[in-house]
Trainee: 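Can you read through this structure? Questions will come right after.
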Amino acid sequence: MSENEQSHETASPEAAADEDAADEGNSSGMIAPRDFDIPYRFEVTAKSNDLHAKYGDLEDGAETGDIVSVAGRLMLKRGQGKIVFGVLQDGGGRVQIFAQAKTTPDFEGFSKLMLGDWIGVTGEVIKTRRGELSIRPNEWTVLAATRRAFPDKWHGISDPDTRYRQRYVDMWVSEESNAALRNRSRIMSLTRRWLEDREFMEVETPIFHGIASGAMARPFTTHHNALDMDLFLRIAPELYLKRLTVGGFEKVFEIGRVFRNEGISTRHNPEFTMLELYWAYADYNDVMELVEQLVSYLAMEILGTTTITYDERELNLAAPWKRATMTDLIAEHTGLELSVDMDRDELAAIAEEQGVDVKNHYGTGKLILEIYEKTTEAQIWGPVFVTDYPKEVSPLSRDHRSEPGLTERFEAIVAGRELCNAFSELTDPDEQLARFQGQEADREAGDAEAMGMDLDYIRALEYGLPPTGGLGIGMDRLVMLLTGSTTIRDVVLFPTLRPEQGDISPVASQLGADDSGDTAPGSQT
RNA sequence: GCGCCUCUAGCUCAAUUGGCAGAGCAUCGGACUCUUAAUCCGCAGGUUCCGGGUUCAAGUCCCGGGGGGCGUACCA
């Protein structure tokens with residue numbers, strides 16, 4: 001690139017003499033428009049963290065003669081008369097800009113930059129006498145002039161509402177937010193590569209489903225006009241992925257958004273990211289090994305260790321993880337020896353004693369699950385593979401090879417929370433049909449989350465599904481674990497919130513009052 | 001859904017029993033050639049979330065509404 005493209009002796013910002021705008025600057029946090037020539041591109045040759053890595057050992061006062069171009073946001077500024085110290089933050093970190101009056105073009109303009117302005121700086125890598133690695137600008141240019149005051153340079157934003165609504169600011173002023181969100185991206189990327197290295201193939205299945213099935217949850221409903229039909233946003237990709245196994249894709253996975261119309265909490269966002277994986281010829285034991293290896297690999301890559309601290313407690317993610325059956329864990333935590341073969345009413349009485357709200361249609365399997373969730377699950381720090389779930393609560397899992405009434409299903413519990421759900425898949429169409437019918441009965445008994453009957457899926461099974469191990473991992477929760485986040489909103493870029501009311505943008509308010517109300521973009525079709 | 005908590009300047013926070021709405025940072029003006037949240041001097045900045053009520057007087061108390069947080073229920 002030529003010098004002309006990125007460098008112009010920056011025009012002094014002619015603050016608009018508009019008095020309204022000036023008033024705004026004080027009362028609303030708005031900054032009057034400033035007049036800069038903004039280039040169309042800027043050639044960056046160095047990132048701050050690379051500079052620290054390369055030049056960290058320079059002696060105080062050293063000059064390198066090396067010219068670099070950096071770009072980012074001006075986060076701090078310290079005027080010192082004929083020197084201005086700026087701190088530029090880019091995608092990697094921060095580096096100081098050492099601007100002297102005698103060497104800096106338009107020094108006056110530089111000293112008037114606002115915190116939050118984007119700038120591009122070209123200059124020599126030096127270390128100041130006081131030992132701070134710096135760029136001494138030969139050229140600089142504004143890349144974006146902020147129209148809004150940045151948050152407190154020390155405290156940042158603490159109001160959670162503002163952090164989630166204005167993530168684009170939170171990301172700059174909260175290092176923890178920034179790191180967690182970047183690590184989320186790395187975890188997704190590492191997971192994909194790890195699976196691809198094991199010959200799993202990534203696929204994309206429909207998000208619009210005619211039937212809400214594959215999990216137990218309330219769906220979101222929408223409508224397609226041309227087909228004049230209601231559709232559900234998927235609650236799980238499971239049944240489509242197993243159709244692909246029927247179709248001969250032996251190792252498939254999907255990482256995608258699923259939608260559940262349920263409560264919002266520190267562990268729940270209405271849309272969240274699920275990894276599902278199907279592995280022909282494998283069983284749930286194979287899947288357990290895969291999970292513990294994947295998670296310990298990710299911990300090593302992200303944190304450099306498998307011994308992590310979460311919620312102030314230590315957690316060892318190194319493989320292999322403990323395996324224990326649900327009933328053994330209940331016995332361990334409560335002393336209760338339970339079995340799906342017990343008398344239903346006897347079990348119901350025990351469940352009531354444990355505080356379970358027993359419904360009439362609950363069988364022994366559902367009662368055991370309820371007792372487990374009430375007494376045991378949250379107590380498990382883990383990681384533990386909880387195995388052998390009752391058949392009654394596992395409509396897609398294959399019967400246990402040796403334990404009647406149970407299935408070959410497991411969940412991994414880490415820090416008292418479900419991290420994944422997996423099983424040896426049910427492959428028999430007659431049995432699957434019977435399980436769906438059981439779900440229909442539950443629905444009629446008032447269970448709004450019962451699984452929908454999917455006859456095309458039954459037809460697919462009629463063509464033959466080989467033995468298959470399947471897995472679903474809540475990726476948001478995995479990211480929480482590996483980033484130390486105790487709320488899912490800290491690992492979701494834009495968590496679901498109620499829409500904001502009122503005057504959000506003074507810039508938009510300049511539009512005619514008639515235009516600003518209910519005419520949302522896209523509302524006309 | 002329900003319960004508890006919370007909302008004050010652009011940001012972070014004060015304001016005693018109900019008694020003149022304040023500070024730091026940012027902004028604006030000034031000083032300063034090695035700062036590190038620079039420092040120093042000065043100016044300005046408010047629908048105390050919204051709407052009612054009680055009171056001589058409401059940021060504060062009461063009622064209703066809204067946003068958010070936490071817990072709980074459902075769930076991953």
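Letters go in sequence order (proteins before strands), and every chain restarts at 1.
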Trainee: Rounding to an integer number of angstrom, what distance separates C13(B) and U17(B) when you compare their P atoms?
Mentor: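 C13(B) and U17(B) have their P atoms separated by 22 Å.
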Trainee: Check this one for me: any side-chain N or O of Arg163(A) less than 4.0 Å away from OP1 or OP2 of G69(B)?
Mentor: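 For Arg163(A), the contact criterion (side-chain N or O under 4.0 Å from OP1 or OP2 of G69(B)) is not met.
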Trainee: In whole angstrom, give me the gap between the C1' atoms of C25(B) and A37(B).
Mentor: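 Looking at atom C1' only, C25(B) and A37(B) are 9 Å apart.
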Trainee: Please check the phosphate of C25(B) (OP1 and OP2 only) for any side-chain N or O of Arg78(A) closer than 4.0 Å.
Mentor: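 Answer no for this pair, as no side-chain N or O of Arg78(A) is under 4.0 Å from OP1 or OP2.
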Trainee: Taking the side chain of Met114(A) as heavy atoms from C-beta outward, which of A38(B), C28(B), U12(B) is closest to it?
Mentor: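 For the Met114(A) side chain, the nearest candidate turns out to be C28(B).
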Trainee: Salt bridge between Glu392(A) and Lys366(A), side-chain N to carboxylate O under 4.0 Å?
Mentor: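 Looking at Glu392(A) and Lys366(A), the cut-off is not met.
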Trainee: Please determine whether a side-chain nitrogen or oxygen atom of Lys153(A) lies at a distance below 4.0 Å from atom OP1 or OP2 of A37(B).
Mentor: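 Negative; the distance criterion is not met.
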Trainee: For Ala149(A) and for Gly131(A), find the nucleotide of RNA chain B with the closest heavy atom, then tell me which residue's nucleotide is more 5'.
Mentor: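 The answer here is Ala149(A).
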Trainee: So Arg417(A), base contact, sugar-phosphate only, or nothing? Heavy-atom distance under 4.0 Å.
Mentor: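 Nothing: the residue Arg417(A), judged by heavy atoms under 4.0 Å, touches no strand.
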Trainee: Counting side-chain heavy atoms from CB outward, which of A26(B), G71(B), G24(B) is closest to Thr266(A)?
Mentor: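 Nucleotide nearest to Thr266(A)'s side chain: G71(B).
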Trainee: Report the distance from atom CD1 of Ile264(A) to atom C1' of G67(B), rounded to the nearest whole Å.
Mentor: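 Going from CD1 in Ile264(A) over to C1' in G67(B) covers 13 Å.
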Trainee: Between Ser397(A) and Arg435(A), do the side chains contain a donor N or O and an acceptor N or O under 3.5 Å apart?
Mentor: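 There is no such pair (donor and acceptor under 3.5 Å, judged by atom type) between the side chains of Arg435(A) and Ser397(A).
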Trainee: On RNA chain B, does the nearest nucleotide to Lys82(A) precede the nearest nucleotide to Ile157(A) from the 5' side, or the other way round? Give the residue.
Mentor: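 Whichever sits nearer the 5' end wins; that is Ile157(A).
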Trainee: On a whole-Å scale, what distance lies between the P atoms belonging to A21(B) and A9(B)?
Mentor: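 After rounding to an integer number of Å, I get 16 Å for this pair.
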Trainee: Quick one: salt bridge (Lys or Arg N to Asp or Glu O under 4.0 Å) pairs with a partner in residues 149-163 of chain A, sequence neighbours left out?
Mentor: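 The answer is Asp161(A)-Arg165(A), Arg163(A)-Asp170(A), Arg163(A)-Asp490(A).
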Trainee: Could you tell me how far A15(B) sits from C20(B) if I compare only their P atoms? Round to whole Å.
Mentor: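 My reading of the P atoms in C20(B) and A15(B) gives 14 Å.
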Trainee: Given atom CE of Met451(A) and atom C1' of C74(B), what is their separation to the nearest angstrom?
Mentor: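 To the nearest whole Å, that distance equals 16 Å.
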Trainee: Kindly point out which of C11(B), A73(B), G68(B) is positioned nearest to the side chain of Leu497(A)?
Mentor: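 Of C11(B), A73(B), G68(B), G68(B) is nearest to the side chain of Leu497(A).
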Trainee: Is there a donor on the side chain of Glu132(A) or the base of U36(B) sitting less than 3.5 Å from an acceptor on the other?
Mentor: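 Answer is yes: a donor-acceptor pair is held.
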Trainee: Please classify the nucleic acid contact of Lys77(A) as base, sugar-phosphate, or nothing, using heavy-atom distances under 4.0 Å.
Mentor: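 Sugar-phosphate: the residue Lys77(A), judged by heavy atoms under 4.0 Å, touches backbone atoms but no base.
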Trainee: Just to be sure I understand the rule, does Asn261(A) reach a base, reach only the sugar-phosphate, or reach nothing, if contact means heavy atoms closer than 4.0 Å?
Mentor: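 Nothing: the residue Asn261(A), judged by heavy atoms under 4.0 Å, touches no strand.
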Trainee: Measuring from Gln293(A):CD to Leu298(A):CG, what's the distance to the nearest 0.5 Å?
Mentor: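 With rounding to 0.5 Å, CD (Gln293(A)) is 12.0 Å from CG (Leu298(A)).
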Trainee: Hey, does the side chain of Ser158(A) come within less than 4.0 Å of C13(B)'s phosphate (OP1/OP2), counting only N and O?
Mentor: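 Yes, within the criterion.
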Trainee: When you measure from the side chain of Ile83(A), which nucleotide among C34(B), A37(B), C70(B) comes out closest?
Mentor: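 Side chain of Ile83(A) sits closest to C34(B).
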Trainee: State whether Glu254(A) and Arg234(A) are salt-bridged, where the test is any N-O pair (Lys NZ or Arg NE/NH1/NH2 against Asp/Glu carboxylate O) under 4.0 Å.
Mentor: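 So Glu254(A) pairs with Arg234(A) through a salt bridge.
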Trainee: Between Arg165(A) and G67(B), does any side-chain N or O lie under 4.0 Å from OP1 or OP2?
Mentor: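 No, because none of the side-chain N or O atoms of Arg165(A) sits under 4.0 Å from OP1 or OP2 of G67(B).
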Trainee: Tell me the interatomic distance from Arg129(A), atom CZ, to U33(B), atom P, rounded to whole angstroms.
Mentor: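 Between P of U33(B) and CZ of Arg129(A): 12 Å.
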Trainee: Could you state the CZ-P distance from Arg489(A) to G68(B), rounded to the nearest angstrom?
Mentor: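 Taking CZ of Arg489(A) and P of G68(B), I get 9 Å after rounding.
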Trainee: Can I get a per-line list of side-chain donor-acceptor pairs under 3.5 Å for residues 417-425 of chain A, giving both atom names and the distance, sequence neighbours left out?
Mentor:
from	atom 1	to	atom 2	distance (Å)
Arg417(A)	NH1	Tyr310(A)	OH	2.8
Asn421(A)	OD1	Arg409(A)	NE	3.0
Ser424(A)	OG	Tyr284(A)	N	3.0
Ser424(A)	OG	Glu408(A)	OE1	2.8
Glu425(A)	OE1	Lys242(A)	NZ	2.6
Glu425(A)	OE2	Gly470(A)	N	3.3

Trainee: Starting at atom CD of Glu449(A), determine the distance to atom C1' of G1(B), rounded to an integer number of angstrom.
Mentor: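 In whole Å, G1(B) C1' lies 14 Å from Glu449(A) CD.
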Trainee: Using whole Å, report how far CG of Leu74(A) lies from P of A37(B).
Mentor: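 After rounding, the reported distance stands at 15 Å.
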Trainee: Can you measure Glu370(A) atom CD to C74(B) atom C1' for me and round it to whole angstrom units?
Mentor: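 So the two atoms are 10 Å apart, to the nearest Å.
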Trainee: Roughly how many Å is it from CG in Asp161(A) to P in U8(B), rounded to a whole number?
Mentor: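 These atoms are roughly 11 Å apart.
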Trainee: Any donor-acceptor pair, under 3.5 Å, between the side chain of Asp159(A) and the base of G68(B), if you only look at N and O atoms?
Mentor: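 No, no donor-acceptor pair under 3.5 Å.
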Trainee: Which residues in residues 84-99 of chain A have at least one heavy atom lying under 4.0 Å from any atom of RNA chain B?
Mentor: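 Close to the strand are Phe85(A), Gln96(A), Phe98(A).
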Trainee: Distance between the P atoms of U8(B) and C61(B), in whole angstroms?
Mentor: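 That atom pair is separated by 15 Å.
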Trainee: Using only side-chain N and O atoms of Arg498(A), determine if any of them is under 4.0 Å from OP1 or OP2 of G68(B).
Mentor: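 So the side chain of Arg498(A) is within the cut-off, an N or O lying under 4.0 Å from OP1 or OP2 of G68(B).
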Trainee: Looking only at atom C1', what distance separates C28(B) and C34(B), rounded to whole Å?
Mentor: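 Taking atom C1' in both C28(B) and C34(B), they lie 27 Å apart.
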Trainee: Check this for me, if you would: do Glu271(A) and Arg260(A) make a salt bridge, where the nitrogen-to-carboxylate-oxygen distance has to be below 4.0 angstrom?
Mentor: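 Judged by the 4.0 Å cut-off on N to carboxylate O distance, Glu271(A) and Arg260(A) do not form a salt bridge.
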Trainee: Mind checking the P distance from C63(B) to U27(B)? Whole angstroms is fine.
Mentor: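 Per the computed distance, 43 Å lies between those P atoms.
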Trainee: Mind checking Gly474(A) for me? I need base, sugar-phosphate or nothing, with any heavy atom below 4.0 Å counting as a touch.
Mentor: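 No contact.
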Trainee: In terms of side-chain geometry, is the basic nitrogen of Glu202(A) or Arg192(A) positioned less than 4.0 Å from the acidic oxygen of its partner?
Mentor: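 Looking at Glu202(A) and Arg192(A), the cut-off is met.
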Trainee: Rounding to an integer number of angstrom, what distance separates C41(B) and C49(B) when you compare their P atoms?
Mentor: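 Those two atoms are separated by 32 Å.
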Trainee: Could you walk me through whether Phe98(A) and Phe85(A) pass the ring pair (Phe, Tyr, Trp, His ring centres under 6.0 Å) check?
Mentor: CA-CA 5 Å; Phe98(A) 178 81; Phe85(A) 300 89; 5.6 Å; yes
Trainee: Charged N to carboxylate O under 4.0 angstrom, Arg267(A) versus Asp476(A)?
Mentor: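 Looking at Asp476(A) together with Arg267(A), the answer is no, because their closest N to O distance does not fall below 4.0 Å.
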